[in-house]
Amino acid sequence: MPMSLASETVKSWFSTRGWKIFPFQRQVWKAIATGQSGLLHASTGSGKTYAVWFGALLRSMAKKASKREKASLRVLWITPMRALANDTLKALEMPLAELRPAWSIATRTGDTSSAERSRQAKALPSVLITTPESLSLMLSKADAQSQFASLDMIIVDEWHELMGNKRGVQTQLAIARLRHWNPMLLTWGLSATLGNLQQAQNALLGTGQGILVQGEKSKQIKVDTLIPEHIARFPWAGHLGIQMLPAVIREIESNSTTLVFTNTRSQAEIWYQNLLNARPDWAGLIALHHGSLAKEVREWVEQGLKSGQLKAVVCTSSLDLGVDFLPVERVLQIGSARGVARLLQRAGRSGHAPGRISRVPLVPTHSLELLEAAGAKQAVALRQIEARQVPEKPLDVLVQHLVTVALGGGFRSEELYAEVKNAYSYRNLTEEEWQWALDFVARGGQSLTVYPEYRRVLPDEDGVYRVPDIALGRRHRMSIGTIVSEASVNVKFLTGGRIGTIEESFISRLQKGDHFLFGGRILEFIRFYEMTAYVKRATGSKGAVPRWQGGKMPLSSELAHAALEQLRLASNDEFKGPEMRALKPLLDIQQHWSALPTAETLLIESLHSREGYHLFMYPFGGRAVHAGLASLIAYRVAKEKANTFSFAFNDYGFELLAPEAVDWMSFFRGENGSEVALFSIDHLLEDVLASLNATELSQRRFREIARIAGLVFQGYPGQPKSNRQLQASSSLFFEVFRKHDAGNLLLTQAQTEVLEQELELVRLRNTLQELQGRRIAFTQLPRATPFAFPLMVERFREKLSTEKLSDRVGRLLRELEKAATP
DNA sequence: GACCTGCTGCGGTGTG
């Protein structure tokens, strides 16, 4: 039965406020009234606008609802962030306020008080705003089905943020469950622009039908670049960009509120400190925001933005989401934006007023970033936006879900198998895989049978699978979720205030009395006690900056290709736009000393230096692909002739360094009887696996899988286990499975995730095919070119050796001899 | 003549 809507109510509520009703709003509303699900492509406008509008829709539902319907849960709103839950509550309440208390609305997240929880355990509100994790937790309660029995509609906000990761998969499974209980359930999603909106819709709606609605027309976004004043003295390498400080200060000065986006936490710390040093009068007017700062600190900053007291905030992606509700006039992006979608997301944080242009100035941190900026401009104009890949049947998430459902009322195997297959990510789940997952939760698979704590789910006489032990259930509820973070150390003042968290490895290098920069202050390290580093404020302006181990997001294909296109134009002597004109002198040097790499020309440079024989290549495949490519090529060459290679790679290319000369051209041209086809995609998987330490990579990946699948317990809140303990137990499982349970599908999953996510195998294959079609331009360099130089200063070096020990010793001897001769 | 790369998100017990 379609939902009852009092349509006049929505219209009148809008018109009394003088608000326009857009065609897309009518479309969604009509769809809902006729019982259709769908995805709303919210390409622009703030989240707040959409929430208020949905609130008006819910208002019309409420007006029609019977008294009994009002007293039960009707609508579930899922948001990826706790902070958004509170803001959404306020926005939805605007149109709903006068209907209270008959029609109630509340949030349910980890922040919800225990009083509110027990209130909700008795009766849920009519509208509940929650997170994927809290929803899963609710599904693990024995009375889950009756709690959700009256649910009519589920709205998933920011679906683009969830669909590409395991949180999204968990959401899919939860929705499949709710839909199983109520086949008429409507599902609506809100998504930003993506390259694969249709897949986004499928992932949300599972096997169900639905429509894709185009939201408000895109607002204008203007990408431009702060051009370095003295391009000749602008660094060829580096990622900090402090040379641009004066230009950034001018931008901050001329706007009321500015968000300064940086790519890493340490970069944010350094920029904040430099801004303050240059403008001491801004103390108290500018702030710092990133994921390792304590919640209280971040909330204070968000509050300052809300009230308009802060002039600028230096941040990481921690403010990508959740500032929809804040007034921000200008957004700056320091360093590479990495992707078009990411740049648009950030651009959209500013100029929320209707009709206003969002302008994002890009701030380069090294010369070649001007090239990327020119490409970004073009890609944004053409809306060449990346797709987000939906994970394909991750079994760790399924295993967790099985235990959740067993707790939440229990399940029958066949029934749940059918339900799970209705979730998009598991549409191709085979009977064998299902049986494997079931067996894994029932007896721990082949190797853990003797341990009762891994017999988590058992069938009763009626064939209903349940969790047999209260303690097991408790432990499971404590580890619901798919986010796995590094173990970290708290940083606190001696007087008690929390500042944030940093990684164990950084703290372990500090001596008592050492200074470091964190949370925008210089701190003095006092002592370490129970996973907490105690500090006090220090004087002075210098200190080590903590580093965090973060994700290494490569440059997207879309952006890389746009940059290559700019190089093609430059090779035809077309320098359009201020970025390319500024870059011209540098590209002239590159062309003079060597050549320009383009989509048609594969530039290969070689150089002989004191370090050895260098080879440089610039496929523009992003750093993950270049890492794979470097080791693949080194492996294929070394198969022919033993040699030891060092690697360096960045988003534009890679370097191989060998102590012995290699006749590269014979390899690339397949001359001299060489049978090695370096760019061949034959035996690609085999060669990639052989060229890298695939086992070690899988083992690292397995740590996350083991935690999600519930093999490794992370400890009670407030008494976390250290990194070492967690690492030790997950590697133990890894080893046990490898030795005694080789068919364990979680091991297979670890390897697949490494290949797909860390090495980007698909993109590697595409890159190789592209390379085969490019004309090779080979140059021998007298010195490093503007493209080669950044690779030479990359400090990261990996080694692959097929060289025999005796050869190494021989080489060493020759070197010593050379050094000894005058 | 040179460089300080690595994001984000959630959730939770027991026993006084």
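In what follows, chains carry the letters A, B, and so on, assigned in the order in which the sequence lines appear, proteins first and then strands, with residues in each chain numbered from 1. No hydrogens, no waters, no symmetry mates; every other heavy atom, side chains included, goes into these values.
At the phosphate of dG11(B), neither OP1 nor OP2 sits under 4.0 Å from any side-chain N or O atom of R117(A). In terms of phosphate contacts, S134(A) brings a side-chain nitrogen or oxygen within less than 4.0 Å of OP1 or OP2 of dG11(B). A sub-4.0 Å separation between OP1 or OP2 of dT8(B) and a side-chain N or O of R265(A) is present. Within the structure, a side-chain polar atom (N or O) of T316(A) is placed less than 4.0 Å from OP1 or OP2 of dT8(B). The side chain of R547(A) places an N or O atom within less than 4.0 Å of a non-bridging phosphate oxygen (OP1 or OP2) of dG6(B). Between T482(A) and the phosphate of dG9(B), there is no side-chain N or O to OP1/OP2 separation shorter than 4.0 Å. The side chain of S318(A) contributes no N or O atom lying less than 4.0 Å from OP1 or OP2 of dC7(B). Taking side-chain N and O atoms only, R82(A) has a distance below 4.0 Å to OP1 or OP2 of dG11(B). A close approach under 4.0 Å does not occur between any side-chain nitrogen or oxygen of R783(A) and OP1 or OP2 of dA2(B). Residue T264(A) has a polar side-chain atom (N or O) positioned under 4.0 Å from OP1 or OP2 of dG6(B).
When rounded to the nearest whole Å, the span between CD of E269(A) and P of dC7(B) equals 12 Å. The nearest whole Å value for the distance from the CH2 atom in W271(A) to the P atom in dC7(B) is 18 Å. Whole-Å rounding puts the I334(A) CD1 to dC4(B) P distance at 13 Å. Counting to the nearest Å, the C1' atom of dG9(B) and the NE2 atom of H160(A) are 13 Å from each other. Rounded to whole Å, the distance from CD on E302(A) to C1' on dG9(B) is 13 Å.
The aromatic ring of F789(A) stacks onto the base of dA2(B), its centre lying under 5.5 Å from the centre of the six-membered base ring with the two planes under 30° apart.
Within 6.0 Å of atom CD in E229(A), 12 or fewer heavy atoms from other residues, nucleotides or ligands are found, so the atom counts as exposed in its surroundings.
Between R700(A) and E696(A) there is a salt bridge, with a side-chain nitrogen of the basic residue lying less than 4.0 Å from a carboxylate oxygen of the acidic one. Using a cutoff of 4.0 Å between basic side-chain nitrogens and carboxylate oxygens, K166(A) and E704(A) are scored as salt-bridged.
Distance from the side chain of K552(A) is smallest to dG6(B) among dG6(B), dC7(B), dG9(B). Distance from the side chain of R623(A) is smallest to dG6(B) among dC7(B), dG11(B), dG6(B).
Ring-plane geometry between F518(A) and W548(A) is classed as tilted, the angle between the planes lying from 30 to 60 degrees on a 0 to 90 degree scale.
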